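This is a predicted model, so every value here is computed, not measured. Chain letters run A, B, ... following the sequence lines, proteins first and then strands; every chain starts at 1.
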2 protein chains.
Amino acid sequence: MSGGEKQTFKIRRLDISDKTKGYIELLSQLTVAGSLTDEEFDQRFKEITSYGDDHLICVIEDVSSGKIAATGSVMIEKKFLRNCGKAGHIEDVVVDTEFRGKHLGKQVVEFLMEHCRAMGCYKVMLDCSLENKGFYEKCGLVNKAIQMSKYL
Amino acid sequence: MSGGEKQTFKIRRLDISDKTKGYIELLSQLTVAGSLTDEEFDQRFKEITSYGDDHLICVIEDVSSGKIAATGSVMIEKKFLRNCGKAGHIEDVVVDTEFRGKHLGKQVVEFLMEHCRAMGCYKVMLDCSLENKGFYEKCGLVNKAIQMSKYL
């Protein structure tokens, strides 16, 4: 972009039209995304949105280019413990390499945490590599446990 | 129990009648459970079961006493990445102190992992304290990341 131009970013929920705005290409910067057909994308979009506020995907769009610059998601878990408490699970936070250094990742995490607050969650959590610990500490999270996983 | 008697355990999904079988008291061995009314329990039970196979709570019942001896849950997350992959999030695994040392925890984790496999998940994950790392390694999981959290 030219020097004098100001970038404008818009933070919002994922829209079904975001497939054409580089959303899947952005996810592929995080891990294997694969190549989805429009039908596969639309079906998964509908499955996720059928959960309403219990599964939210946030995106930040660069308004001038119409490109998705950052994303992250959160699932709300309904528990019995903590007096039928709810916990938010943040997943798949990624900022496009082109747009790094603009605090978009922090905006995504804050958007997702605010959603958890509004949903009445007592806790929000996420898993990350040790190298991203500092970033999430800046977002107000602390390291209290380890993640164990298994590929099936 | 008397010396010659053999304990029989039954592993299955949580049933709405399990509130009377010590299910909430068992959760309170993990963290604050609170005291739920029957109506609160039933409502949360219905909310969770409305997700069908996407949110499963497993229990092990000691048949002779009719008491819930162990539990754990799993939520299936639907993603776009990994070709619209699914990931299983295991939560709230606990074995009653009275029934420890009988491998019930491992049975719960294996039941939940088998559910994830049947649901087509590419991965299963959970967060735990460092002191429980060895137990989950015996269940086949490995430590690959850290957990960050924030109480809201």
Side-chain angles (χ1 to χ4, degrees), chain A residues 23-24 27-28 30-36 40-41 43-45 47-48 51 54-55 57 73 75 77-85 87-92 113 116-117 121-130 132-133 136-137 139-152, chain B residues 23-24 27-28 30-36 40-41 43-45 47-48 51 54-55 57 73 75 77-85 87-92 113 116-117 121-130 132-133 136-137 139-152:
Chain A
Y23 175 66
I24 299 299
L27 287 180
S28 73
L30 188 68
T31 184
V32 183
S35 56
L36 304 181
E40 286 167 337
F41 183 90
Q43 197 194 325
R44 180 50 44 104
F45 182 88
E47 285 173 326
I48 292 173
Y51 293 126
D54 290 340
H55 194 161
I57 300 178
S73 69
M75 274 175 83
E77 179 200 2
K78 290 172 182 167
K79 293 178 181 281
F80 283 101
L81 50 77
R82 299 251 173 192
N83 281 300
C84 289
H89 296 257
I90 291 180
E91 288 283 324
D92 304 338
M113 288 204 298
C116 291
R117 242 180 237 110
C121 293
Y122 71 93
K123 184 170 77 164
V124 59
M125 65 196 116
L126 58 88
D127 299 321
C128 68
S129 63
L130 199 56
N132 286 326
K133 183 169 176 270
Y136 287 111
E137 282 172 344
C139 297
L141 290 93
V142 293
N143 173 218
K144 281 210 178 163
I146 60 170
Q147 187 222 37
M148 305 293 292
S149 64
K150 181 181 166 70
Y151 282 80
L152 301 173
Chain B
Y23 175 66
I24 298 299
L27 287 179
S28 74
L30 189 68
T31 184
V32 183
S35 57
L36 305 181
E40 286 166 336
F41 183 89
Q43 196 193 327
R44 181 49 44 105
F45 182 87
E47 285 173 326
I48 292 172
Y51 293 126
D54 289 341
H55 194 162
I57 301 177
S73 69
M75 273 175 83
E77 180 201 1
K78 289 171 183 169
K79 292 178 181 281
F80 283 102
L81 51 78
R82 300 250 173 191
N83 281 300
C84 290
H89 296 257
I90 291 178
E91 288 283 323
D92 304 337
M113 289 204 297
C116 291
R117 244 180 235 110
C121 293
Y122 71 94
K123 184 170 78 164
V124 58
M125 65 195 118
L126 58 86
D127 298 321
C128 67
S129 63
L130 199 56
N132 286 326
K133 183 169 176 270
Y136 287 110
E137 283 172 342
C139 298
L141 290 93
V142 293
N143 173 219
K144 280 210 178 162
I146 60 170
Q147 187 221 40
M148 305 292 293
S149 63
K150 182 181 165 72
Y151 283 79
L152 301 174

For C128(B) and A145(A) the tightest heavy-atom approach is O-CB, 3.2 Å

Where do D92(B) and E77(A) land on the side-chain contact (heavy atoms from CB on, under 4.5 Å) test, with the steps shown first? CA-CA 11 Å; D92(B) 304 337; E77(A) 179 200 2; 4.0 Å; yes

Applying a strict 4.5 Å limit to non-hydrogen atoms, the region of S28(B) in contact with chain A is neither

Cut-off 4.5 Å, heavy atoms of chain A, and the answer for I90(B) is neither

inquiry  = With a 3.5 Å distance limit and no angle check, can you tell me whether N143(B) reaches the backbone of Q147(A) through a side-chain donor-acceptor pair?
reply    = yes

Turns out that what part of I48(B) lies under 4.5 Å from chain A's heavy atoms comes down to side chain

Given M75(A), K144(A), E47(A), the one with more heavy-atom pairs under 4.5 angstrom with chain B than any other is M75(A)

Test side-chain contact (heavy atoms from CB on, under 4.5 Å), reference M148(A), set V124(B), D127(B), L126(B), N132(B), output is L126(B)

Interatomic distance, NZ@K78(A) vs CD@Q43(B), rounded to 0.5 Å, equals 9.0 Å

When the 4.5 angstrom heavy-atom criterion is applied to E137(B) and chain A, the contacting part is both

When the 4.5 angstrom heavy-atom criterion is applied to T31(B) and chain A, the contacting part is side chain

Angle between ring planes, F80(B) versus F41(A), binned at 30° and 60°: parallel, tilted or perpendicular? parallel

ask   = Does the R44(B) side chain pair with the main chain of K79(A), one donor and one acceptor, at a distance under 3.5 Å?
value = yes

Residues passing the side chain to side chain donor-acceptor pair (under 3.5 Å) test with N83(B), sequence neighbours excluded, are none

